[in-house]
Amino acid sequence: MRPLFRRLFPLLALALAACGTDDAPRFAQAEPGEALSGGTTTVMKFDHNAFSMPSANLAPTRRLDFSVGNSFFRNPWVIAPASTTARDGLGPLFNTNACQNCHIKDGRGHPPAPDAASAVSMLVRLSIPAGPEHAEVVRERGIAPEPSYGGQLQDMAIPGVAPEGKVRLRYSTERVRFADGTEVELRKPIIELSELGYGDMHPDTQMSLRIAPPMIGLGLLEAIPEEALLANADPDDRNGDGISGRPNRVFDQTTRQTVMGRFGWKAGQPGLNQQNADAFFNDMGLSSSLFSGTSCTERQTECRAMPDGGEPEVSDNILAQVLFYTRNLGVPARRNVGDPQVLAGKTLFHRAGCQRCHVAQFTTAADAAEPELANQLIRPYSDLLLHDMGEGLADHRPEFEASGREWRTAPLWGIGLTQTVSGHSQFLHDGRARNLLEAILWHGGEAEKARQVVLGFNQEERNALLSFLESL
Ligand SMILES: [Ca+2]
Ligand SMILES: [Ca+2]
Ligand SMILES: [Ca+2]
């Protein structure tokens, strides 16, 4: 091919393909306001602090509340009894002593390096197959906990209590081939537990590895009206596009009702307050008005006998401050929205049908929990629904109504700043993907068709698709 033609070829091929049978739109220019992923809350910060800024439309006094919440998210909690009574009660069992140790720079966590001694910034969830005798606990927790270890492995403990065990990861690898012959190696983690502190686990224990997700835009996701989310649900795939998103239905601790789930990799949490309280309780061993006592199981007797930091350890006041913080971490604006390669990538994103799950935009409710979050046109690139992602991504551990193959569509806003904020680019629920392309190649199940389209892309098209994702 002559050089000029070679340069024009990708655009030409794109143009030709766009005239084909599929009805995917072609984007020749950016839409007005397209860069403002979080509406007027969008922040103009693109360095390693890009995920740590308050919503841009917060008034100065509200920024003060944000920084108070931030201190409880960032600063470590201590073992009781202690002189700092507002921050004591860590453990007896815990994963780490501060939220920020996992949600590093308010961004995502990562799997441990192959030889790392411990695994911070991720969790291993545990359960056993549920029988009729578990009906009550399954209604409230969505799972039947492992009898000795509960619903989560805590690899740390206060002095006098045995930690539950150590987590290491091994990887198996497999190769994927593009139509043009290019090969990519994918890796899949295999969980290895050692130094178990409370005897053997149940022989049918189900384990699910989870990386801490980024913290941006969560208040906006919470403010999307439920009807708007349900409008995208198509559980029986009546429109025949092979995609059958459905909401998770989870337990609300406050109202004691079953409601739609929105947070966590399987949408197992109904809202931010409960998600935060659950993190305090299970990840750090701190009780609150939502979760009293400790995460120790019946069999963990020394754990149950340890002193606590007051009941509750996390006051309603602190819970409210952390809630305000987690609602108001602003989403950074997009970069290069009008770049021809980014626009070509956006066209390809639609051609592959990515937007059927990664739904581009919503308008938040007029009666959002905070006025700054109301009536915002936002672009999260998620439907917050569960999708069967195939055997490759399956953890074989159901959570409420999510099956062992279902995951919540991960929001893509901010994803292009992952390397800048976190210093790595490991994606998906267990951090197995080492870059965005690997993340796409793990898509299966309802997303298999989209994956097949991408496998047909040539180098130029792959680069364009990745440029689009990097611009989010
Ligand atoms: Ca405690
Ligand atoms: Ca446990
Ligand atoms: Ca469908």
Side-chain angles (χ1 to χ4, degrees), residues 76-82 84-97 123-128 141 143-167 193 195-199 201-202 205-208 210 230-246 277-315 318 353 355-357 359 383 385-388 409 445-450:
W77 289 68
V78 298
I79 297 168
T84 48
T85 51
R87 282 180 187 285
D88 73 343
L90 179 71
L93 294 167
F94 59 101
N95 291 91
T96 183
N97 60 6
L123 297 173
V124 176
R125 298 212 180 283
L126 305 169
S127 52
I128 58 172
R141 296 182 61 184
I143 52 125
E146 202 285 332
S148 302
Y149 294 84
Q152 178 171 323
L153 190 93
Q154 285 93 0
D155 54 2
M156 303 280 283
I158 64 173
V161 176
E164 291 187 324
K166 290 252 168 284
V167 185
L193 302 182
E195 298 173 47
L196 289 179
Y198 301 87
M201 281 191 188
H202 188 286
T205 300
Q206 303 156 329
M207 291 191 258
S208 183
R210 311 274 174 99
L230 296 180
N232 291 315
D234 183 20
D236 304 316
D237 191 19
R238 283 171 193 268
N239 69 356
D241 65 355
I243 294 180
S244 53
R246 59 189 189 128
D278 181 273
F280 273 122
F281 190 71
N282 286 305
D283 306 351
M284 291 157 61
L286 295 158
S287 62
S288 62
S289 54
L290 271 72
F291 299 98
S292 60
T294 69
S295 67
C296 322
T297 62
E298 297 282 325
R299 298 186 187 178
Q300 294 171 325
T301 45
E302 17 150 62
C303 178
R304 298 176 77 86
M306 286 290 160
D308 62 38
E311 187 63 44
E313 293 168 326
V314 181
S315 68
I318 293 178
Q355 86 293 353
R356 295 212 163 97
C357 302
V359 172
D383 58 5
L385 299 177
L386 298 172
H387 296 277
D388 181 328
T409 306
E446 295 171 39
E448 179 60 29
K449 264 209 283 193

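Order of appearance sets the numbers: ligands from 1, and atoms from 1 within every ligand.
- Residue-level check: among N/O/S atoms of Asp237, OD1 sits closest to the Ca ion (ligand 3).
- Annotation: side chain of Ser295 is in contact with side chain of Phe281 (closest heavy-atom distance under 4.5 Å).
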Next on the checklist: Assess the residue pair Arg304 and Glu298 against the criterion (side-chain contact (heavy atoms from CB on, under 4.5 Å)); give the C-alpha distance rounded to whole Å, side-chain angles, the decisive distance to 0.1 Å, and a yes or no.
Outcome noted: CA-CA 8 Å; Arg304 298 176 77 86; Glu298 297 282 325; 3.9 Å; yes
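- Checking side-chain atoms of Asp155 against main-chain N and O of Lys166 turns up no donor-acceptor pair under 3.5 Å.
- Angle OE1(Glu313) to the Ca ion (ligand 1) to O(Gly91), rounded to 10°: 150°.
- Residue side and main chain included, Ser244 places no N/O/S atom under 3.0 Å of the Ca ion (ligand 3).
- Between Gln152 atom O and Gln154 atom OE1, the angle centred on the Ca ion (ligand 2) amounts to 80° (nearest 10°).
- When you scan the N, O or S atoms of Asp234 for the one nearest the Ca ion (ligand 3), you land on OD2.
- For Asp241, the N/O/S atom at the shortest distance from the Ca ion (ligand 3) is named OD1.
- Between the O atom of Gly285 and the O atom of Gly89, the angle taken at the Ca ion (ligand 1) works out to 80° after rounding to 10°.
- Between atom NZ of residue Lys449 and atom CD1 of residue Ile243 there is a gap of 7.0 Å, rounded to the nearest 0.5 Å.
- Counting backbone and side-chain atoms alike, Ile243 contributes an N/O/S atom closer than 3.0 Å to the Ca ion (ligand 3).
- When only modelled atom types and interatomic distance are considered, Arg125 and Ser127 share no side-chain donor-acceptor pair under 3.5 Å.
- Take the Ca ion (ligand 2) as the corner point: the lines to OE1 of Glu164 and to O of Tyr149 open at 110°, to the nearest 10 degrees.
- Between Met201 and Leu153 the shortest side-chain heavy-atom distance falls below 4.5 Å.
- Remark: the backbone N or O of Ser287 is paired with a side-chain donor or acceptor of Glu313 at under 3.5 angstrom.
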